[in-house]
There are 2 protein chains.
Amino acid sequence: MQDIRERFINLGIDFAPGQEGSLEDKISALAVGGNIPGAPVDFSHGDVDAFTPSPGAFEAFQRGVQEGGQQAYTEYSGRLSIREVLAQRLTNFTGASIAPSPEMIITPGTQGALFLAMAACVGAGDHVAIVQPDYFANRKLVEFFGGVVRPVRLDYEDKSPAMLNLDQLEEAFHSGVKTFVFSNPNNPTGVVYTAEQIRSIAELANTYDATVIVDQLYSRLRYEGTQYTHLRASGINPDNCLTIMGPSKTESLSGYRLGVAFGSASVISRMEKTQAIVSLRAPGYNQAVLDTYFNEPEGWLDERILGHQAIRDDLVRLFTEAGYATRVPEAGSYLFPRLPDLNVGTEEFVKLARLQTNVTVTPGAEFSPLHGHSIRLNYSQDRNNAVAAVERLIELAKRYTR
Amino acid sequence: MQDIRERFINLGIDFAPGQEGSLEDKISALAVGGNIPGAPVDFSHGDVDAFTPSPGAFEAFQRGVQEGGQQAYTEYSGRLSIREVLAQRLTNFTGASIAPSPEMIITPGTQGALFLAMAACVGAGDHVAIVQPDYFANRKLVEFFGGVVRPVRLDYEDKSPAMLNLDQLEEAFHSGVKTFVFSNPNNPTGVVYTAEQIRSIAELANTYDATVIVDQLYSRLRYEGTQYTHLRASGINPDNCLTIMGPSKTESLSGYRLGVAFGSASVISRMEKTQAIVSLRAPGYNQAVLDTYFNEPEGWLDERILGHQAIRDDLVRLFTEAGYATRVPEAGSYLFPRLPDLNVGTEEFVKLARLQTNVTVTPGAEFSPLHGHSIRLNYSQDRNNAVAAVERLIELAKRYTR
């Protein structure tokens with residue numbers, strides 16, 4: 001059993017978003033000063049009580065239950081009639097056609113889609129190109145399947161537009177890397193890649209016959225003035241591109257755990273076989289909720305974007321005034337400010353913040369070994385609570401600033 | 001990419017239960033005679049319209065939705081308050097205590113639990129003891145993780161009680177096998193292991209420090225006169241035993257995809273880390289449905305058992321009268337009759353049955369390479385339809401009997 005236990009050593013979850021443990025046990029000895037009271041805010045994930053599930057979701061679920069057996073037991077890739085509707089909507093959204101079968105699979109959340117996609121593409125010893133920083137699970141998934149991470153830097157702090165290091169990506173492909181995974185908008189920075197960069201990624205993938213998995217979970221929540229380019233509509237060979245989306249974030253349907261992957265038929269065929277042994281299918285009744293996805297009432301999305309934009313602007317202003325280097329997110333609901341120089345480590349500060357201010361944030365090291373100086377906040381929260389929480393956080397940090 | 005594609009060659013899903021494809025394309029050329037009309041019956045899984053979800057499930061889900069964020073985002077191992085209640089109920093049911101943390105994890109279906117358990121225990125090159133025949137995914141999971149199957153025979157056709165080959169199990173452990181996976185009641189035969197056999201398994205696991213994963217999905221649906229023994233209450237070291245259950249079958253809650261694994265804290269800790277990258281958690285709202293599990297109205301379970309027992313007796317009689325060797329299931333809702341000698345292969349016959357009689361069954365080879373002569377029927381169906389379907393199946397088989 002020695003080997004199998006080693007698989008889990010680097011698979012820590014203490015700081016994984018949404019995972020709350022008894023982290024405070026040893027940290028109180030480090031605390032300076034008393035607590036700064038205020039309403040608790042958990043920035044590690046969005047607050048679906050502040051931004052509520054998109055209209056009609058529960059009713060769609062109820063209709064699924066009423067349909068009985070045919071909705072309870074669907075194909076492993078999801079009920080065909082649902083995929084048919086969704087394929088048309090996502091074709092319209094992304095600007096490139098999708099065949100509901102075999103180019104689409106419904107999964108238990110976008111996490112489920114990402115896991116299956118990595119299972120379909122990464123074997124022991126395979127090198128996989130991953131952006132630094134990017135979604136925390138990308139690295140863990142590569143390691144879980146015995147692969148090796150090949151980092152590709154994203155320069156987001158000083159550059160506008162942010163710049164992905166395409167030379168590193170080409171070097172990786174040139175040396176035999178066959179899979180590249182990235183999120184667009186980027187998690188945790190809120191960067192949206194330019195059309196030029198996306199086209200370059202497509203060209204490199206075609207040249208080196210590499211598969212690109214693009215996590216577009218936040219691609220609907222785009223702020224004013226942001227131009228968004230879909231990789232799958234940028235000249236990449238269709239079988240080399242897999243796109244992942246889902247209604248957990250912008251739509252606040254995370255309690256239903258729904259995701260969808262579409263594109264490469266060969267990758268999806270392997271994902272389907274894997275889903276058959278991982279979880280069989282996304283819960284049948286839950287799949288029915290996808291009826292509401294890309295089918296929200298007129299004006300609903302605009303309102304949701306404006307609601308997030310207001311919070312974004314408040315928090316960016318607070319952090320910037322306090323001297324934290326903070327890029328303004330172009331999309332999504334993540335902020336990734338760089339902490340001042342502290343006399344405690346970032347992970348300790350994160351624990352202290354939870355203990356002393358009732359504010360939960362995610363340490364930057366979850367997203368890249370190079371970004372331990374930053375923290376991530378999901379600001380899909382009640383606006384007033386979020387502002388007050390960031391004020392407390394900044395006040396607390398002063399106590400620990402060198 | 002060569003290697004990764006090979007991972008999927010043996011991971012076929014054409015005959016996996018619930019997976020309906022265009023299997024009929026080439027089969028019509030083989031068909032003898034016309035179709036035998038009748039209501040379609042899909043014996044590959046239970047019919048939740050015939051045996052409906054246990055009372056209050058939807059209302060429990062609705063309460064979960066109404067609870068909002070705290071039910072949408074739970075710990076990866078499932079909401080603690082739900083685990084606390086469930087741990088007490090399953091302690092009572094199994095006769096050995098369970099700590100809700102760290103000895104329990106809620107998963108997306110029992111399939112999800114089985115996948116995570118295998119991920120936690122099986123590494124590349126590890127040999128894993130598997131019963132022949134047993135649940136089809138056991139073999140596939142071992143192979144997915146790069147392990148090697150060590151078969152342990154179950155003699156169920158001629159023996160009452162059925163006999164697991166404990167010598168083979170001990171040989172496997174003696175040669176270094178560290179994991180044994182089996183279902184009790186056995187899927188596909190409906191065998192319930194005797195107290196003596198379960199105690200022997202416990203002793204062997206203790207002697208060789210092996211982990212035993214026991215899938216007890218059907219352990220509530222026990223017919224009159226059946227004595228059931230829980231492995232975890234049979235003297236096995238608690239950290240060497242993981243039990244998997246869930247409300248998808250007896251309770252017909254498969255549309256909610258809920259499972260639970262309990263026992264070994266070390267295995268569950270690795271499962272939790274894996275769940276964090278596989279699907280994060282069982283859908284939050286769905287977890288609330290577990291409130292109904294082991295909490296059904298007085299008399300509900302007895303009635304459900306009697307309903308299945310009546311169908312079991314009907315179908316066993318039909319198959320036996322037609323000369324098919326058919327063991328009477330002691331629990332569960334699976335029947336595994338041996339086909340007469342046919343002049344087509346079992347998989348072809350299964351396709352012909354779907355084409356000519358509108359009856360779907362699962363070929364025995366899914367459960368063991370040695371049991372291709374049999375077919376599995378999940379008889380959790382409408383009774384009249386099930387009887388008529390088996391009559392059609394037997395009539396059809398006559399056309400292809402040598």
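Proteins come first, then strands; the chains are lettered A, B, ... in the order of their sequence lines, and each starts at number 1. Any value given below was found using the heavy atoms of this structure, including those in side chains, with hydrogens, waters and symmetry copies removed.
Side-chain contact check for Tyr256(A) versus Val65(B): some heavy-atom pair is nearer than 4.5 Å. Side-chain contact between Val48(A) and Tyr73(B): present, with at least one pair of heavy atoms (C-beta onward) separated by less than 4.5 Å. Residues Pro283(A) and Pro283(B) form a side-chain contact, since some pair of their non-hydrogen atoms from C-beta on lies under 4.5 Å apart.
Listed here is the closest heavy atom pair of Gly255(B) and Asn286(A): O-OD1, 4.2 Å. Gln111(B) and Ile277(A) make their closest contact through NE2-O, 2.8 Å (heavy atoms, listed as atom of the first residue, atom of the second, distance). Scanning both residues, Phe8(A) and Ala120(B), for their nearest heavy atoms gives CZ-CA, 3.7 Å. Closest non-hydrogen pair, Tyr135(A) versus Leu280(B), comes out as OH-CD2, 4.4 Å. The minimum heavy-atom distance between Arg281(A) and Arg257(B), with the atom names listed, is O-CD, 3.3 Å.
Each of Ala137(A), Ser266(A), Ser254(A) has some count of heavy-atom pairs under 4.5 Å with chain B, and the biggest count is that of Ser254(A). Most heavy-atom pairs under 4.5 Å with chain A, from the set Thr107(B), Leu258(B), Leu253(B), Leu141(B): that is Leu141(B). Counting heavy-atom pairs under 4.5 Å between each of Ser101(B), Gly69(B), Ser248(B), Pro53(B) and chain A puts Gly69(B) at the top. Most heavy-atom pairs under 4.5 Å with chain B: of the set Phe145(A), Phe144(A), Phe61(A), this distinction falls to Phe61(A). Per-residue counts of heavy-atom pairs under 4.5 Å with chain B were compared for Gly259(A), Ser269(A), Ala119(A); the largest is that of Ala119(A). Chain A forms the most heavy-atom pairs under 4.5 Å with one residue out of Asp47(B), Thr52(B), Val122(B), Leu114(B), and that residue is Val122(B).
When ring centroids are compared, Tyr285(B) and Tyr285(A) stay outside the 6.0 Å threshold.
A parallel orientation is assigned to the rings of Phe58(A) and Phe58(B), their planes being inclined by less than 30° (bins at 30° and 60°).
Distance OG1/Thr274(B) to NZ/Lys140(A): 11.0 Å, rounded to 0.5 Å.
For a residue to count as touching a neighbouring chain, one of its non-hydrogen atoms must lie under 4.5 Å from one of that chain's; by this rule Gln62(A) touches chain B with backbone and side chain alike.
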